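Working notes, beginning with the structure itself.
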Amino acid sequence: MEAGAEQGDIAARLEDEALIVDVDGYEGPLDLLLTLSRRQKVDLRRISVLQLAEQYLTFVEAARALRIELAADYLVMAAWLAFLKSRLLLPPDPTEEGPSAEDLAAHLAFQLERLEAMREAAGRLMGRDRLGREFFARGAPETQAIEKRTQHTATLLELIQAYARLRTKDEFRPYAFDRTDIYPLETALERLRGMIGEAVQWSDLAGFLPPGWRAAGTRRRSALASTFAASLELAKQGRLDIQQTETFAPIRVRHRQGEAR
Amino acid sequence: MSDETKPGPGLFPVPPMGEQERMIEAVLFASAEPVTSAELAKRLPEGCDVAEALVHLRSRYAGRGVHLVRVGDGWAMRTAADLGWLMRTEQVETRRLSRAAIETLAIIAYHQPVTRAEIEEIRGVTLSRGTIDQLMELEWIRFGRRRMTPGRPLTFVVTDGFLDHFGLETPRDLPGLKELRE
Amino acid sequence: MSDETKPGPGLFPVPPMGEQERMIEAVLFASAEPVTSAELAKRLPEGCDVAEALVHLRSRYAGRGVHLVRVGDGWAMRTAADLGWLMRTEQVETRRLSRAAIETLAIIAYHQPVTRAEIEEIRGVTLSRGTIDQLMELEWIRFGRRRMTPGRPLTFVVTDGFLDHFGLETPRDLPGLKELRE
């Protein structure tokens, strides 16, 4: 028994020393407080926050004496605990608003209790029987699925076009499908997205029209409309800014800095 | 788990047969490869009768959805052969028909009943076996009557499935060449 | 496969319950991952009662070397945990999780859906990107819905992979959850 108690003392002393030296072992001030509170050997609900604050401040002093640099959040906690300590020691000031010192202390105790509960929960979780350690999945799963069935399909138009192509040796194209003079929005978007990075200064939107679509006429109109729509889309995405000095003036665009993505 | 809780050779009573069966069941289930009897004997506590446990386990899985089977030197759990179809899941991927297929289909639709030679004449290329197979598989074409000409060649016609897919009532609803030109 | 040989909706009688059980047994044995009831229903012929067949199958495997376990919305066959010592060769070395990762995981599991700020408040330290990344990589956590509070922060929730790994049927089965909630 005695030997056991002695060993316990040694362990406690070693822990004390470790506490002073090993600041890195703590996951923040709350973790340090929780470790310190365990040394009070009482239920967290009955912990003396005052005593805890003193322990913490002693620790911080000791670390300073050893010229151990403490992270800012440890110091913030120290300042707060020093404040709390003075409030707990002084008689309450009836004119002061906000939570009382006792409330603050109770909240700290609650935080410690909650962290402790999560620690225990984490421990229980990791201690469970686990897949790949205590229990196992099928070692030789049979390849299920992956029967890719390709469903071929065709439309009536494709069928008719194919036949017309065969019989007339030229491409049959109903008028509605004639899109040679239409510049699609997708194409405009792709082109503008690729080029906008270089537009460090305000540039005329018309300068972004593809070659072959610049001469006046339906092709230019279509390309301009699509490129404008594309610029709106990119402006919405935050990639460019749009400017027009007055009605009917040329629309100008510029790459938005810092949004290169 | 500490070694103390593990049955050691000779130190602990041999587990009952039901337990041995459980152990083999678990090992075979979790193993990526078939496991030999010798390997099983090595894994199980000393004194186990692997051969007997395997017999029990095998009969336990008889008629079930999975069986205990011999694979080479080893033992493994495998899906019952009659349930193999369950292991397949279909992933339907829609793809356009090849140009050859669509042209062939168009010719059959416009000229049915039509022989292979006629299709080849119109397209100017030989008709591959795969193209016909594909259209047959889609159930868009089928064999028609044999042509009453020398050699009695087979003809192809389109099916009701074809009409259904393309939204036609009869093959005559297909637009004529003249209409196509307008 | 042509439609004739495959049991089609309503065309064939529903297989007897024993047969449905066999089918589910085969599918679950063949898969290393849990299979959802919906997926099972899709695989089995129309009209099968997956829920009932699962009940039968579960009791059939009770006490055996392999169990039928529920994992969130899915079902899986898993070896009995008491036989883990037999599986030394199958054991996978898992990367040791940092304390931060373990605690963060527990906080997410017990408080889900939970925001980053809430995790940080409980632990009293900033949550590093690496911790979240590690848990995401393990596929133990994923993003939940955004919280409908100012800033609409993201939330984290645990996945079915988490449940599977820790042998939990649902997140409600976490040990001590009730006590914590009180």
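First the proteins, then the strands, lettered A, B, ... as listed; each starts at 1. It should be emphasised that the depicted structure is a prediction, and the values quoted were computed from it without experimental measurement.
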> Between C:R123 and A:D31, is there a salt bridge with N-O shorter than 4.0 Å?
Replying inline: no
> Which pairs with one or both residues in residues 123-148 of chain C pass ring-ring contact (aromatic ring centres under 6.0 Å, His included), sequence neighbours excluded?
Replying inline: C:W140-C:H165, C:W140-C:F166, C:F143-C:F156
>> Looking only at heavy atoms and a cut-off of under 4.5 Å, which of A:R119, A:R133, A:Q111, A:E120 has the most pairs with chain C?
In response: A:R119
> In terms of heavy-atom contacts, does CD of C:E169 have more than 12 from other residues, nucleotides or ligands at under 6.0 Å?
Replying inline: yes
> Atom OG1 of C:T104 and atom CD of A:E27: how far apart are they, to the nearest 0.5 Å?
Replying inline: 8.0 Å
>> Counting only non-hydrogen atoms closer than 4.5 Å, can you tell me which residues of residues 124-134 of chain C sit against chain A?
In response: C:G124, C:V125
> Is there a side-chain contact between A:M126 and C:L97, using heavy atoms and a 4.5 Å cut-off?
Replying inline: yes
>> Given heavy-atom pairs under 4.5 angstrom as the criterion, report whether the side chain, backbone, both or neither of A:R128 touches chain C.
In response: side chain
> Which heavy atom of C:Y110 sits nearest a heavy atom of A:A121, and at what distance?
Replying inline: CE1-CB, 3.4 Å
>> Please classify the contact of C:M87 with chain A as side chain, backbone, both or neither, using a heavy-atom distance under 4.5 Å.
In response: both
> Judged by atom type as modelled, is there a donor-acceptor pair below 3.5 Å linking the side chain of C:R78 to the main-chain atoms of A:F136?
Replying inline: no
>> Does any backbone or side-chain atom of C:A80 lie under 4.5 Å from a heavy atom of chain A? Answer side chain, backbone, both or neither.
In response: backbone
>> Among A:L115, A:L125, A:L34, which residue has the highest count of heavy-atom pairs closer than 4.5 Å to chain C?
In response: A:L125
> Which residue pairs satisfy the salt bridge (Lys or Arg N to Asp or Glu O under 4.0 Å) criterion with at least one member in residues 14-23 of chain C, sequence neighbours excluded?
Replying inline: B:R64-C:E21, B:D82-C:R22, C:E19-C:R22, C:E21-C:R60
> Who among C:H67, C:R99, C:M77 has the most heavy-atom pairs with chain A under 4.5 Å?
Replying inline: C:R99
> Is the number of heavy atoms from other residues, nucleotides or ligands within 6.0 Å of CD (C:E139) greater than 12?
Replying inline: no
> So how far is it from C:I107 CD1 to A:M118 CE, rounded to the nearest 0.5 Å?
Replying inline: 6.5 Å
Atom pairs and distances, donor-acceptor, side-chain atoms in residues 82-92 of chain A, under 3.5 Å, two or more places apart:
from, atom 1, to, atom 2, distance (Å)
A:S86, OG, A:F83, O, 2.7
A:R87, NH1, A:E96, OE1, 3.2
A:R87, NH2, A:P99, O, 3.3

> What is the minimum heavy-atom distance between A:L30 and C:I122, and which atoms define it?
Replying inline: CD2-O, 3.5 Å
> Does some side-chain heavy atom of C:E33 sit less than 4.5 Å from a side-chain heavy atom of A:P141?
Replying inline: no
